[in-house]
Number of protein chains: 2
Amino acid sequence: MARAATTSDVFNAVAEPRRREILLFLLDRERPVTDVVDELQLDQPSVSKHLRVLRDVGLVRVRRDGRHKYYRTRAEGIRPLHDWASTFERYWSHQLLRVKERAEGMARAAERDAKKK
Amino acid sequence: MARAATTSDVFNAVAEPRRREILLFLLDRERPVTDVVDELQLDQPSVSKHLRVLRDVGLVRVRRDGRHKYYRTRAEGIRPLHDWASTFERYWSHQLLRVKERAEGMARAAERDAKKK
DNA sequence: TTTATATATGCCGATAAAGGAATATGTAAA
DNA sequence: TTTACATATTCCTTTATCGGCATATATAAA
């Protein structure tokens, strides 16, 4: 078996770097597909495909206006990712603390060494 | 071309659901590979491979003790993911705020309607 | 030294993903 | 209606990934 389908999973959807760029680009304003193509220097079919994936997992919204379609990032879609990552937050503070303590311990040891000489 | 290699990218590494499980399992204590195999009901080679990927992107640490290897999650490795997701945080608050305001507006309207009757 | 245990790696087959190019669809302008 | 523009989809090829199985390596116990 290969990897779980991108279509059904936010984690997989954002695993692709271009899709992350697209999400950032569409974060503050809605934009037509052409803008994404021009700004991020991607081929139009490629952009349409990425937007399709993002849409399927609920990471972008679309609004049609005439022959244009305006896409915009649905920030709430990122929450599962953020929440998951937050689980680790308190641990990395702990680890930083431990690293700091260790560094201070080493600094004191170095001072003692310096005095001996 | 296919997707960027998992090995070089935290986003890709955590795109795999089993690897996310492993990271959570190894978060609070270090554990030998066998524990992961037993607890998460995976084949041993599969676990070793996942651990290899996680190790290559800096998401786990190993300590050898005799013939055992103790793995533990390196929480700091998750930070890039968390930071990236945080970029979207203020936008989803905004959107939630707007939803809330709209809901309150509707509640007031409903009250007015109720009084008229 | 032989044997058992713990872990890692290599190979294979199936599946999926991504880019490219062509084409289809859908809407507006002429 | 024809033409132009905007976007989506399809087909094809290449590459990656994952699981399964067998096997290799490393260390401890007998």
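Letters A, B, ... mirror the listed sequences (proteins, then strands); counts begin at 1.
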Residue closer to the 5' end of DNA chain C, A/Asp65 versus A/Gln44 (nearest nucleotide):
A/Gln44
Using the six-membered ring wherever Trp is involved, compare the ring planes of B/Trp92 and A/His82 and label them parallel, tilted or perpendicular (cut-offs 30° and 60°).
perpendicular
Looking at every strand, decide which applies to A/Ser48 at a 4.0 Å heavy-atom threshold: base, sugar-phosphate, or nothing.
base
Indicate yes or no for a side-chain donor-acceptor contact from A/Arg64 to the backbone of A/Gly66 under 3.5 Å, with no hydrogens or angles considered.
yes
With DNA chain C as reference, determine whether B/Val62 or A/Arg18 sits nearer its 5' end, using the nearest nucleotide of each.
B/Val62
With hydrogens left out and only the distance checked, is there a donor-acceptor pair under 3.5 Å joining A/Lys49's side chain and the base of C/dG20?
yes
What contact category does A/Tyr71 fall into here, base, sugar-phosphate, or nothing, at under 4.0 angstrom with non-hydrogen atoms?
sugar-phosphate
When rounded to whole Å, the CD to P distance for the pair B/Gln41 and D/dG20 reads 13 Å
Let's see if you can work this out: which of D/dG20, C/dT7, D/dT9 has an atom nearest to the side-chain heavy atoms of B/Lys69?
C/dT7
Under 4.0 Å, heavy atoms only, any strand: does B/Pro32 hit a base, just the sugar-phosphate, or nothing?
sugar-phosphate
Would you tell me if any nitrogen or oxygen in the side chain of A/Arg67 comes within less than 4.0 Å of OP1 or OP2 on D/dT7?
no
Within a radius of less than 6.0 Å around CZ of B/Arg55, do more than 12 heavy atoms belonging to other residues, nucleotides or ligands occur?
no
